[in-house]
Structure formats: C-alpha cells, structure tokens
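These notes concern the structure reproduced below.
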Amino acid sequence: MASSLGKEKSGITVSKNSDFSEWYTQVVLKAKLADYAPVKGLIVLRPDGYSIWESLRSTFDKKFAKNGIRNGFLPILIPESLLGKEEKHFAGFNPEVFWVTHSGTNEIGDRLALRPTSETLAYTMYSKWIQSWRDLPLKINFWNTALRAEIKATKPFLRTSEFLWQEGHTVHSTQEEAEKEVMKILDIYKKTVEDELAIPVVTGKKSEKEKFVGAVYTTTMESIMPDGKALQMGTSHFLGQNFSKPFEVKFADKDNVEHFAWQTSWGVSWRLIGAMIMVHGDDKGLVLPPKVAPMQVVIVPIYKNDEGKEIVLPKVDEIREKLESQDIRVHVDDREGMSPGYKFNDWELKGVPLRIEIGPKDIENKSVVIAKRHNLEKSSLGFSEIDKISEILDEIQKEMLKKAKEQASKNTINISDYSEFKSKIDEGGFLCTSWCGKLECEEKIKEETGAEIRVIPWDSENITQKCVYCKEQSKSVPIFARGY
RNA sequence: GGGGUUGUAGUCUAGCUUGGUAUGAUACUAGUCUGGGGGACUAGUGAUCGCAGGUUCAAAUCCUGCCAAUCCCA
C-alpha cells in the first residue's frame with residue numbers, strides 16, 4: 001500500500017500506451033529535463049536537459065568543423081525592412097513573428113523582429129563580406145535560439161515559441177557545389193541522429209507545398225513517433241539564388257564577371273530531444289542512449305551498517321575510478337537515508353543507461369549487479385570484468401537503435417488504395433503511397449485525412465503506378481503522415 | 001480559428017454549491033531504528049489559495065478581467 005502510494009507521487013502515473021501526451025509531459029518534468037517558464041510556450045532547460053543538448057552540439061561541432069564550417073553569432077533583433085526583403089519568406093513567417101515596438105518609452109519606427117530565422121540578417125552581412133571568388137565558399141553556423149509565436153497548444157521541446165537550434169548558412173560560387181553541401185549536411189544530420197540518439201530517420205525531399213519558404217527545395221529527415229505521428233527532425237535547404245539576388249550576395253569570378261552566389265541553409269533544433277524522449281522512454285520514465293546521457297553509469301552502494309559501509313565503499317571508489325579513467329561518465333549515489341529501491345526507481349525515472357549495485361553480498365562473490373535501463377535486465381558482472389562496461393554501453397546504444405528501427409518499420413506501411421489510406425491514417429504511421437505530383441491532390445488528401453507529405457524519399461521516383469487520389473500516372477512514392 | 005476543463009506548500013490534494021484566512025498525503029529538516037525494488041517511528045518547517053480588480057463587516061469560496069496549463073473540434 002505504502003509503496004504504491006509512493007510510486008504515484010514521484011514516478012510516472014500514466015502509461016505510454018494509454019495516454020501518450022500526458023506521459024510525455026510527465027517524463028519531461030519528472031526527469032527534470034525542463035520546466036515551464038511563466039510565459040506561454042516558453043520552457044526552461046534544466047541541467048539534465050541542457051546537458052543532452054550540449055552533447056549533441058559538441059558532436060555536430062566536430063562534424064561541421066571537419067567540413068570547413070565555423071561558428072559565428074548573430075544578434076536576435078532584425079529590422080522589419082530587412083526581414084521583408086524576400087517577399088515569400090516574409091509572408092511565410094510574418095504570422096508568428098514577435099515584434100519589438102519600443103525602446104524604453106520611445107516607439108521604434110522600423111520595428112524589430114525577434115528572429116524567426118536569420119537568413120535575412122546573415123545575408124545582409126554576407127553581401128558585405130563577399131566580393132571575390134576567393135571569398136568562397138563561406139560556411140558559417142550559428143548556435144542560437146529562434147522565436148516563432150505558437151498560438152496552438154505547445155509541448156516542451158516539440159512546439160515552443162522559442163527554441164534552441166543551430167542554423168547554418170553557406171555561400172558557394174556554383175550551383176553544383178551548393179547542392180552538394182545541402183546533401184553533405186543532411187548526411188551529417190542523419191548519421192548523428194542515428195548514431196547518437198539511436199533514432200532512425202527517413203531522408204528525402206519536401207514537396208513544393210511543404211518546403212521552406214524562400215528555398216528552391218528542401219531536404220528533410222523525418223521520424224515516426226510511437227503514437228504514429230511524424231516528426232521533422234531536421235532540414236537542409238537549397239536556396240539557389242533566391243536570397244543572393246535581393247540581398248546582393250555577389251562575387252567577381254575568375255573571369256571578372258559578377259555573379260550572384262548560390263546558397264544553402266540548414267538546421268536542427270531541440271526537437272531532437274523531444275524525439276529521443278518519445279522514441280525510447282517507457283512507463284518508468286526516460287531512457288537515455290548512452291552516448292548522450294549526462295550520466296552513463298550510476299553506482300548504488302548498499303550496506304546495512306558502518307561495517308558494511310567500510311567494506312563496500314572502497315570497492316565503489318575503485319570501480320568509479322576505473323570507469324572514469326575510461327572516460328565513462330559515472331556517478332556514485334551515496335545519499336544516506338534512502339532505500340536502494342527508492343534510488344533504483346529514481347535513476348530509472350531519469351533514464352541513466354546502466355546501474356551498478358554493489359553491497360556486501362557482491363563483495364563476497366567478487367562481482368557486482370548491473371541493471372540495464374533500456375530493457376530492465378539485471379545480471380551480474382565479475383570484478384575482473386569491469387572493463388567490459390564500456391562495451392556494454394556500446395551494445396545498449398546499438399540495441400536501442402535496433403529496437404527503434406523495428407518499431408519504425410512496424411509503423412511504415414505501403415498503401416495503394418485511397419479508402420485503405422483513409423482507414424489506416426487514424427492508426428497513424430508512415431503511409432507510403434504513390435502520387436502524381438500535383439498540388440491539388442496533395443491538398444485534397446490533407447483536407448480529407450489530415451495527412452501531409454512528410455518526405456519524398458530518395459529513389460522513390462515511380463511512374464509505373466497510379467496516384468492514390470486522382471488515379472493518374474504517379475511521379476513518386478512519398479511518405480504521408482499526420483505530423484507534430 | 002471555435003469550444004471545454006483546470007489553477008490551493010516543492011508535488012498531489014480537501015474545502016468552493018450554502019463566504020467566517022485552509023484538510024490530508026508526500027517531499028523537506030532533525031533524531032533513532034533501518035537498508036538487495038519507492039522503509040518505520042517521533043518531532044518540526046513550509047500556502048498572503050495563479051495575478052489584478054469588484055461585491056461584502058468578512059472572499060480560497062461570489063462577480064469581472066487577465067495570465068498560464070490542458071483537452072476536443074476545424
């Protein structure tokens with residue numbers, strides 16, 4: 001009785017299957033990743049949440065650097081006159097822009113936008129910095145936040161009015177080089193998300209309707225969440241000369257002829273953290289992939305009295321040092337007055353990938369008990385095998401990706417008939433079905449089913465089938481889904 | 001865009017209809033016993049009841065506005 005009461009108070013009180021939305025919010029709050037800020041749609045990141053972001057950031061930074069991309073920083077305010085320079089871009093973002101209209105008590109004539117994205121500002125600067133082909137390529141990434149007012153219901157990490165992200169902006173002398181860059185970035189994104197967060201993604205192109213406003217085309221990576229909804233995990237845009245013309249990003253080529261430059265922009269946000277929570281979490285709380293876990297291993301010492309303590313703690317220290325020397329992020333939970341059971345539940349809620357239990361019994365047996373978070377399996381590990389923990393963490397990482405892949409493929413189905421489409425869409429999932437390429441059909445499908453084209457996967461051109469809606473010859477087989 | 005619901009210690013909650021400054025649990029602090037899956041006892045601390053007005057001798061309670069969270073429909 002007392003134990004079930006305690007469980008209700010500090011653990012997750014709903015199951016992932018029965019109330020996904022509530023489950024998600026509870027995991028975010030109770031695992032102490034984030035909390036609500038006093039303003040609608042804004043959240044505060046707590047250290048455990050921010051640490052995951054820092055881990056992703058550091059991985060991306062290394063990969064960006066290898067690709068010749070350096071970091072810069074842009075201010076948050078953009079004058080309206082500048083934001084409006086590319087018409088379609090402005091029209092797309094305008095409804096959700098926060099405006100600064102006063103400085104102190106004085107009204108600002110050219111009001112200032114809190115950046116919804118920085119293309120316009122970055123390219124104003126770029127046009128000053130670029131004169132010659134020798135200045136290209138110019139590849140800068142910016143870690144910052146963007147602000148887009150969310151009127152609809154908000155969700156921590158998934159839909160917030162301010163979000164942490166990185167936006168990369170590159171400039172090239174040729175179309176070919178720019179397009180290659182778009183693909184390189186998408187590849188970095190895909191590999192990082194799969195390797196670090198253990199979430200499988202599908203990459204491809206957005207439809208004309210869903211592309212980034214102002215882009216020539218948008219490439220994207222999409223994932224399916226356990227509730228059957230699709231989540232956009234990151235995008236990499238080919239901007240062509242759509243921005244270089246209005247912003248006069250020009251360069252003199254080797255032949256001394258002036259050309260407009262070719263540009264790309266791309267970004268991933270803390271939505272990735274939301275995806276990680278949804279994909280891996282369970283009824284006990286968060287489950288962290290070892291690579292991004294702030295703590296990879298937690299050691300829980302168990303003893304009944306001072307005598308036991310004297311036996312156990314030196315061994316705990318020894319193991320901790322051994323693990324630390326292998327760059328494993330380890331924490332010893334030496335809190336007094338808490339039962340081991342309480343601690344187990346606590347660390348499971350917080351998603352620590354591996355727990356080591358060590359008490360007098362283990363000292364006798366010259367082994368420890370290890371408990372894996374992702375499958376809740378316990379086993380014993382001899383003192384001489386402590387070195388294997390690094391491998392075990394790698395295995396956990398792999399198993400998590402494998403499980404996520406199985407889940408994703410179960411939620412991906414091929415559909416050829418529209419009535420089947422309509423009946424399946426309520427169950428959620430990725431619906432792969434052929435399409436004629438016409439906006440009209442895309443819009444009708446969205447209107448009638450709520451599903452949109454999430455991604456047109458690479459190599460999905462197909463002219464041998466019929467459009468699921470109009471029955472005319474198909475062009476491709478996109479993935480339709482309802483999205484976040 | 002339209003329509004609901006909710007807001008009381010860190011967390012959950014009683015009280016609200018029928019106005020009289022607040023119930024219980026958990027957490028927290030101290031101590032003793034405990035300790036291998038959310039431990040027991042004892043004693044404490046902690047709330048101007050989301051915010052701002054209004055009605056009233058008196059407001060958590062009634063009224064108005066706002067803020068925030070959440071759900072449903074488009």
Side-chain angles (χ1 to χ4, degrees), chain A residues 1-14 18-32 34-44 46 95-96 149-162 227 229 282-285 298-313 315-316 332-350 352 355-365 367-373 375-381 425-426 443-444 446-452 482-484:
Chain A
M1 184 65 197
S3 71
S4 72
L5 199 68
K7 193 170 189 173
E8 269 177 36
K9 294 306 171 188
S10 48
I12 307 296
T13 60
V14 295
S18 62
D19 191 350
F20 189 73
S21 182
E22 170 69 15
W23 170 87
Y24 175 83
T25 306
Q26 285 196 15
V27 172
V28 170
L29 298 177
K30 292 184 175 179
K32 299 185 178 165
D35 204 349
Y36 292 108
V39 178
K40 180 182 169 62
L42 304 187
I43 60 168
V44 176
R46 305 180 69 173
E96 46 192 23
E150 287 291 349
I151 315 298
K152 290 182 186 176
T154 57
K155 266 287 171 214
F157 296 118
L158 301 177
R159 176 170 279 132
T160 49
S161 289
E162 182 185 25
D227 62 346
K229 285 199 206 163
D282 64 20
D283 287 354
K284 285 179 153 281
V298 62
I299 304 178
V300 179
I302 299 162
Y303 42 80
K304 292 193 209 290
N305 47 38
D306 282 349
E307 191 192 336
K309 200 169 165 178
E310 276 164 32
I311 301 170
V312 170
L313 286 187
K315 193 68 197 175
V316 166
V332 175
D333 185 359
D334 55 5
R335 290 177 290 180
E336 298 277 353
M338 278 170 174
S339 69
Y342 182 89
K343 291 181 180 179
F344 298 166
N345 283 287
D346 196 33
W347 294 113
E348 278 163 3
L349 175 61
K350 296 184 113 190
V352 177
R355 180 178 71 242
I356 296 179
E357 305 167 14
I358 173 164
K361 279 188 225 164
D362 305 292
I363 301 287
E364 246 174 67
N365 298 335
S367 68
V368 297
V369 172
I370 59 170
K372 296 177 186 171
R373 176 63 184 91
N375 58 14
L376 298 169
E377 279 174 17
K378 273 193 185 193
S379 55
S380 105
L381 191 72
I425 193 65
D426 283 332
E443 278 179 338
K444 282 286 178 194
K446 170 95 192 254
E447 199 182 305
E448 292 171 19
T449 68
E452 56 205 13
R482 289 183 185 153
Y484 270 94

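Note on naming: letters A, B, ... go to the chains in the order of the sequence lines (proteins, then strands), and numbering restarts at 1 for each one.
In this structure, B:G19 makes no Watson-Crick or G-U wobble pair, since no nucleotide meets both defining distances under 3.5 angstrom. B:A30: Watson-Crick or G-U partner is B:U42, with both key distances under 3.5 Å. Under the Watson-Crick or G-U wobble criterion, with both distances below 3.5 Å, B:U5 is paired with B:A69.
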Between protein and nucleotides 66-70 of chain B, what N or O pairs are separated by less than 3.5 Å?
unit_1 : atom_1 : unit_2   : atom_2 : d
B:A68  : OP1    : A:Lys40  : N      : 3.1
B:A69  : OP1    : A:Gly41  : N      : 3.1
B:A69  : O3'    : A:Tyr36  : OH     : 3.3
B:U70  : OP1    : A:Tyr36  : OH     : 2.6
B:U70  : OP2    : A:Thr154 : O      : 3.4

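The residue A:Val369 sits close to a base: some heavy atom pair falls under 4.0 Å.
Closest to the side chain of A:Arg355, out of B:G35, B:G37, B:G36, is B:G37.
Going from the C1' atom of B:U17 to that of B:G3 covers 25 Å, rounded to whole Å. Rounded to whole Å, the separation between the C1' atoms of B:G54 and B:U42 comes to 48 Å.
On a pure distance criterion of 3.5 Å, no polar donor-acceptor pair joins the side chain of A:Asn305 and the base of B:G35.
The closest side-chain heavy-atom distance from A:Val44 to A:Tyr36 is not below 4.5 Å.
Contact check on A:Lys40 versus A:Glu150 returns no salt bridge, with no Lys/Arg side-chain nitrogen under 4.0 Å from an Asp/Glu carboxylate oxygen. Ion pairing of A:Lys309 with A:Asp334 is absent here, as no side-chain N (NZ or NE/NH1/NH2) approaches a carboxylate O to less than 4.0 Å.
Geometric assessment of A:Arg355 against the ring of A:Phe344 yields a positive cation-pi assignment under the 6.0 Å and 45° thresholds.
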